Amino acid sequence: MENQPPQRSYAFLYTIIFLVIGIVVGGFIAVQIISTKVNPRSTDPVRASLELERTVQSMTEEQKELRQRIGQLREEVRSEEKQVEERRTTSKDLSAELQKYKMIVGLTAVAGAGVEVTLDDGKYEGLKDRNDFKNDAIIHSTDILDTVNMLWAAGAEAISINDERIVGTTSINCIVNTILINESHVGTPLVIKAIGESATLARFMEDPGRLIDLHRRRKDYNLIFEVEKKDDLRLNPFLGTYEI
Amino acid sequence: MKFDPRQIKRPSTPSLITFVIAIVAGFLIVGQLFSTDKVKEITDPDQQKNLGLEVSILAESNMSLRQEVSKLEQKQRDYQEALQYRLPGTDVLESSLAQYQKISGLESVSGPGVSLVVEGPVLDVQLLDLLNTLRNIGIEGVALNDNRVVYRSTIMPRGLQIALDGLILTPPYRFDAIGNADLLATSLQREGGILEQIKQVFPDAQVTVTKKADLTLPAYRGDLVFRQARAVE
C-alpha cells in the first residue's frame, strides 16, 4: 500500500470533486432556466392558469389606472363646480347642500382626530395547536367587518382601511388569502383610520367586553390588534363608483 | 507525504464523463422538484377557481369604473359649457345634488329589488354578513325592517335582541334592497352561499328571497352630523 502511486488517489479525488461540483452546477443551471423561462406550450395544462394570473395582474393594473383617472376627474369637476358656484347665479344654499352631501357620501377628503387600528396575522412561533392556530391567528374579513361595525357604534364619522374609504356600498370580502374592499385588493397590515371622538373610539376598541374574539386571539395567538389615538388623521375620498 | 502540485495529472476521461453525468443528474433532480411543485400549485382546482372569481370581480369593477369615468367626463363638459356660455349651471349642480341625496340615504328612494326575510333564530353577526353580501352583490339602497341603512349604520346585539343603529328590531328581519332583482335573487340563493350557511347554523331558520318590481325605502331617520371630521381640499 505504501508503494501505491499518488496519482491514483488524486484521480479518485478528482472524480468525487467533479461529481459534487457537477451536481451543484447542474442544479444551478436548472434553477436558472426554470425561474426565467416559464413558457408553456399550448398543450401545457398550466397555461390556462398562468393566463388567468396574467389577466388578474393586468386587470388590477387597469383598475388602479381607472381609479386614478376618477380621482383626477373628480378634482377637475370640483374646481369647475366651484367656479359655477362662485358666480352669483347659484344660491349659497345649493352650494352648501352640495358640499354637505358630498361629505356624507365620502366624495370629500376629510381630516380630524380619531384612532388608528392595526390588524394583522399573528406570529406562529411557540404555539402548540397548529390546526386551531391557523384559523385563529389569521385576520379574516369578518374581523374587519366587526371592527368597522364597532367603530361606527362608537361614533366614528368617517373610516378608511388602507386608504379605501368606507361608504354606503362598501363590502369587505375575502377570497382565500386576498382581502377585497370596494372590490380592490388590500394587503396586510390593515390600517383602519377612524375619525371621531378619539377617547370614545379607543375605549370601545380596548374594552374586553367588545370585539371579544379579537381580544382573545390577540392574547392567545399573538394576533396584531393595536389601537392608537391620533390628533389629526386624513382620509382620502372614495375612488369607486356608485351604482345609481 | 509532501504535496507537490507538479505531480497532479490531468483528470482522466472517466472523471470528465462522471462530471458531465453529474451535471445532467443535478439538472434533472432540481428541475423535477421545481416543476412538480409549480405545476401542483398552478393547476390546483381551488387556485384556478379563485383566480376565475377574481377575474369576474375585477371585470365587473372595471366596467363600473369606466362608466364612472364617462359620467364624470360628461359632467365636466356640462360645467365647462355653463362656464363658457355663461349659463347659470344650476341644473348641473341640482342634478349632482339629487344623486348624492339618493346615495346618502337621507332621501326616500324607489326601484326594483328584493325582499329578504329571515324568520326564526339568527345572530346579529349573520345579519351584518347579510348586509355585507347585499353590498357586495351591488345595491343602490337598503332598509332593514323599514329603517334605512346608511354608511355608518351598525347592527349590534342588545341583550337577546338585535338593534340597528341603537333601535331594537322586532323579528322577523326583513332587508329590502334596491338593485338588479334577478342578480340579487340568484346571487343570494346560490349553492353554498350565505343563506345556506345560516341554515347550517340554525336549521330552524327560514330565509326567503322575493323579487320586487317596485320597492320604496324610507329616508334615514337620524342625522349624519360631522363633529370631528372636517372637509379638506
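By convention in this document, chain letters (A, B, ...) are assigned in the order of the sequence lines, proteins followed by strands, and residues within each chain are numbered from 1. Nothing here was measured: the structure is a model prediction, and the numbers come from that model.
In terms of heavy-atom pairs under 4.5 Å with chain A, the best-connected choice from B:I155, B:N180, B:D78, B:D129 is B:I155. Contact count against chain B (heavy-atom pairs under 4.5 Å) is highest for A:A111 among A:G168, A:A109, A:A111. When each of B:L106, B:L83, B:V55, B:V69 is checked for heavy-atom pairs under 4.5 Å with chain A, B:L83 comes out on top. Counting heavy-atom pairs closer than 4.5 Å to chain A, the top residue among B:V150, B:I57, B:L128 is B:L128.
Of the charged side-chain nitrogens involved, none lies within less than 4.0 Å of a carboxylate oxygen, so that B:R230 and A:E157 do not count as a salt-bridged pair. Checked for salt-bridge contact, B:R66 and A:E62 meet the test: a charged N lies under 4.0 Å from a carboxylate O.
A side-chain N or O of B:S96 and one of B:K75 form a donor-acceptor pair less than 3.5 Å apart. Counting only N and O atoms by type, the side chains of A:S141 and A:N173 include no donor and acceptor under 3.5 Å apart. Remark: the A:S184 side chain and the A:Q63 side chain contain an N/O donor-acceptor pair separated by less than 3.5 Å.
For B:T133, no part lies near chain A; criterion is any non-hydrogen pair under 4.5 Å. Only the side chain of A:V105 comes within contact range of chain B, with at least one heavy atom under 4.5 Å from a heavy atom of that chain. For A:L180, the part sitting under 4.5 Å from any heavy atom of chain B is the side chain, from C-beta outward, and nothing else. When heavy atoms are compared at a cutoff of 4.5 Å, B:V24 does not approach chain A at all. Within the 4.5 angstrom heavy-atom criterion, no atom of A:N236 approaches chain B. Residue A:T60 touches chain B through both its backbone and its side chain, counting heavy-atom pairs closer than 4.5 Å. Residue B:V125 touches chain A through its side chain alone, counting heavy-atom pairs closer than 4.5 Å. Heavy atoms of A:E75 lying under 4.5 Å from chain B are absent altogether. Neither the backbone nor the side chain of A:L151 has a heavy atom closer than 4.5 Å to any heavy atom of chain B.
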